[in-house]
Amino acid sequence: VYKTIKKKPYKRKPAEVVNGETTPGSIKDILEHKHRDLWIKAYYEELENLDNAGTFKRVLRKTYPNINPLKWKLVCKIKT
């Protein structure tokens, strides 16, 4: 017998403020941020670093039809 698991609704994390700058909490926040270009660049650099380190492997979904895709969450921080 399978149990159905109820997913909790996503609660958006309030923006963290560091040195007067807010950190985006989602892709939508990145696109609306005043330093949008810098955040997008950092986002893609981080994905490339994870890919180069072998953290994950990209595959075509049709190659593995019975596998669920990996779920992940964006976390943005300003390094001080």
Side-chain angles (χ1 to χ4, degrees):
V1 176
Y2 293 102
K3 289 184 178 180
T4 56
I5 300 172
K6 293 183 180 179
K7 291 185 179 182
K8 295 179 183 178
Y10 174 72
K11 289 185 181 179
R12 194 170 180 180
K13 185 179 177 183
E16 183 180 350
V17 179
V18 177
N19 297 331
E21 292 287 332
T22 58
T23 59
S26 68
I27 297 292
K28 183 179 178 183
D29 290 345
I30 286 177
L31 296 176
E32 295 172 354
H33 199 275
K34 67 180 180 179
H35 298 297
R36 171 188 176 181
D37 296 336
L38 295 173
W39 280 108
I40 290 173
K41 181 181 174 192
Y43 173 74
Y44 281 109
E45 284 176 358
E46 185 61 24
L47 283 179
E48 187 175 333
N49 289 339
L50 291 171
D51 192 21
N52 291 340
T55 305
F56 58 85
K57 180 180 176 184
R58 297 178 203 194
V59 296
L60 295 174
R61 179 124 190 213
K62 64 182 179 183
T63 308
Y64 301 96
N66 297 327
I67 303 294
N68 291 327
L70 178 69
K71 293 182 178 13
W72 59 281
K73 181 171 76 171
L74 172 71
V75 177
C76 299
K77 295 273 185 184
I78 296 176
K79 293 181 181 178
T80 56

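Everything numeric in this text was worked out from a predicted model, so none of it was measured.
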### Query
Can you name the salt bridge (charged side-chain N to carboxylate O under 4.0 Å, His left out) partners of Lys34, sequence neighbours left out?
Glu21
Report all side-chain donor-acceptor pairs from residues 38-53 shorter than 3.5 Å, counting only partners two or more places apart or in another chain.
from, atom 1, to, atom 2, distance (Å)
Asn49, ND2, Glu45, O, 3.3
Asn52, ND2, Glu48, O, 3.3

### Task
With sequence neighbours left out, write down each residue that passes side-chain contact (heavy atoms from CB on, under 4.5 Å) with Ile67, or none if nothing qualifies.
Tyr64
### Message
Could you measure the distance from the OG1 atom of Thr23 to the NE2 atom of His35? Nearest 0.5 Å is fine.
### Response
12.5 Å
